[in-house]
Trainee: 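Okay, handing you the structure first.
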Number of protein chains: 2
Amino acid sequence: MINRIRKLRRDHDWSQGDLAEALSVSRQTVNAIENGRYDPSLPLAFTIARVFGLRIEDIFQPEP
Amino acid sequence: MINRIRKLRRDHDWSQGDLAEALSVSRQTVNAIENGRYDPSLPLAFTIARVFGLRIEDIFQPEP
DNA sequence: CTCTAATGTCAAGTTTCCTTTACATGTCGC
DNA sequence: GCGACATGTAAAGGAAACTTGACATTAGAG
């Protein structure tokens, strides 16, 4: 999975900590997902999409 | 998370084993997800959506 | 009635997700 | 040059997702 979270977050002028708070997860979790160390759970992916007002497919893409 | 997988699977006349094979997971995993015992990972959710030709949001919904 | 396919579920084990705590680095304003 | 942020990463632990293997029940075909 590749994702556009870092770009979306910066477009909103949010720090990783800001986004983590909006998602109710730790800052390390946001950092790990942005850096592709692991994928979010499906419920967290839904929360991320809701926070950015987008669909999951607009943020995440399966790897080629 | 609630999902429509059982209905979609039956519309395609597939057994849980058939779907499991199409998804490259075990039959128990399909059964557990259909019965709401746990949510699929994000990559598996993408595969499920692809198999049914739908978007993730058309299959899964966050709980109210 | 018997055989098979389909489903539900359990136990035990591995991997992935997420936590808290902690430390290192770079940047910026003052 | 300090301090306060922002970011990256690591270790250790818990929770969730997934595996294989096994067994029980039900329903339908022959």
Side-chain angles (χ1 to χ4, degrees):
Chain A
M1 296 262 74
I2 66 181
N3 72 73
R4 303 199 299 126
I5 294 179
R6 191 183 310 257
K7 166 158 182 35
L8 292 167
R9 174 177 64 80
R10 288 189 168 150
D11 288 349
H12 287 252
D13 265 315
W14 288 344
S15 69
Q16 291 182 347
D18 292 335
L19 177 55
E21 189 175 3
L23 298 172
S24 302
V25 295
S26 70
R27 177 184 69 82
Q28 286 84 342
T29 293
V30 169
N31 184 78
I33 293 170
E34 281 194 0
N35 286 300
R37 300 213 310 220
Y38 51 74
D39 299 317
S41 67
L42 184 58
L44 181 51
F46 265 90
T47 305
I48 293 169
R50 184 172 47 74
V51 159
F52 288 121
L54 296 171
R55 287 172 305 191
I56 289 180
E57 282 87 352
D58 297 328
I59 303 177
F60 300 92
Q61 291 178 15
E63 317 233 17
Chain B
M1 295 260 73
I2 67 180
N3 71 74
R4 305 198 299 126
I5 294 180
R6 190 184 310 259
K7 166 159 182 34
L8 292 166
R9 175 176 62 80
R10 289 189 167 148
D11 288 349
H12 287 251
D13 266 315
W14 288 344
S15 68
Q16 291 182 348
D18 293 334
L19 178 55
E21 189 175 2
L23 299 171
S24 302
V25 296
S26 70
R27 179 184 68 81
Q28 286 85 337
T29 292
V30 170
N31 184 77
I33 294 170
E34 280 194 0
N35 287 299
R37 299 204 306 159
Y38 51 75
D39 298 318
S41 66
L42 184 58
L44 181 52
F46 265 90
T47 306
I48 293 169
R50 184 173 47 76
V51 159
F52 288 121
L54 295 171
R55 286 172 306 191
I56 288 180
E57 281 88 351
D58 296 329
I59 303 177
F60 300 92
Q61 291 178 14
E63 317 235 16

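In the text below, chain A, chain B and the rest are named by the order of the sequence lines, each starting its count at 1.
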Trainee: Quick one: list whatever passes side-chain hydrogen bond (donor to acceptor under 3.5 Å, both in side chains) with D11(A), sequence neighbours left out.
Mentor: K7(A)
Trainee: Check every nucleotide of DNA chain C for an atom under 4.0 Å from a heavy-atom of chain A, then give the first and the last such nucleotide from 5' to 3'.
Mentor: dC17(C) to dA22(C)
Trainee: Can you confirm whether L44(B) sits close enough to T29(B) that some side-chain heavy atom of one is under 4.5 Å from a side-chain heavy atom of the other?
Mentor: yes
Trainee: End-to-end bend of the helix from dC1(C)-dG30(D) to dC30(C)-dG1(D) (five-pair axes, 10° rounding)?
Mentor: 40°
Trainee: Under 3.5 Å, is there a donor-acceptor pair between the side chain of N35(B) and the main chain of N31(B)?
Mentor: yes
Trainee: Within the 4.5 Å heavy-atom criterion, are V25(B) and T47(B) side-chain neighbours or not?
Mentor: no
Trainee: Measure the distance from CD on E21(B) to P on dT19(D) and round it to the nearest whole Å.
Mentor: 13 Å
Trainee: Can you sort out which residues in residues 10-18 of chain A have a heavy atom within less than 4.0 Å of DNA chain C? Ascending by number, please.
Mentor: none
Trainee: Can you sort out the partners of E34(A) under salt bridge (charged side-chain N to carboxylate O under 4.0 Å, His left out), two or more places apart, ordered by chain and number?
Mentor: R6(A), R9(A)
Trainee: Out of I33(A), V30(A), D18(A), which one pairs with L23(A) under the side chain to side chain contact (heavy atoms under 4.5 Å, CB included) rule?
Mentor: V30(A)
Trainee: List for me each residue that meets side-chain hydrogen bond (donor to acceptor under 3.5 Å, both in side chains) alongside S41(B), sequence neighbours excluded, and say none if there are none.
Mentor: none
Trainee: Closest heavy-atom contact between A45(B) and L42(A)?
Mentor: CB-CD1, 3.8 Å
Trainee: If the sugar-phosphate is the primed atoms plus P, OP1 and OP2 and the base is the rest, what is the B/S/- string for nucleotides 25-30 of chain D, using protein heavy atoms under 4.0 Å?
Mentor: ------
Trainee: Which heavy atom in D39(A) sits nearest to a heavy atom in P43(B), and how many Å separate them?
Mentor: OD2-CG, 3.4 Å
Trainee: Let's see if you get this right: which residues in residues 23-50 of chain B place a heavy atom under 4.0 Å from DNA chain C?
Mentor: R27(B), Q28(B), N31(B), N35(B), R37(B)
Trainee: Does anything in residues 43-54 of chain A form a salt bridge (charged side-chain N to carboxylate O under 4.0 Å, His left out)? List the pairs, not counting sequence neighbours.
Mentor: none
Trainee: Taking the side chain as every heavy atom from C-beta outward, state whether L8(B) and I48(B) have any atom pair closer than 4.5 Å.
Mentor: no
Trainee: Mind checking side-chain hydrogen bond (donor to acceptor under 3.5 Å, both in side chains) for N3(B) and listing every partner two or more places apart, or none if nothing turns up?
Mentor: none
Trainee: Without placing hydrogens or testing angles, list every side-chain donor-acceptor pair under 3.5 Å for residues 56-64 of chain B, not counting sequence neighbours.
Mentor:
{"residue": "E57(B)", "atom": "OE2", "partner": "I56(A)", "partner atom": "N", "Å": "2.8"}
{"residue": "D58(B)", "atom": "OD2", "partner": "R55(B)", "partner atom": "N", "Å": "3.3"}
{"residue": "D58(B)", "atom": "OD2", "partner": "R55(B)", "partner atom": "NE", "Å": "3.4"}
{"residue": "E63(B)", "atom": "OE2", "partner": "M1(B)", "partner atom": "N", "Å": "2.9"}

Trainee: Would you say L54(B) ends up clustered with I2(B) if hydrophobic residues are merged whenever their side chains have heavy atoms under 4.5 Å apart, either directly or through other cluster members?
Mentor: no
Trainee: Tell me, please, which residues at least two apart from F52(A) pass ring pair (Phe, Tyr, Trp, His ring centres under 6.0 Å).
Mentor: H12(A), W14(A)
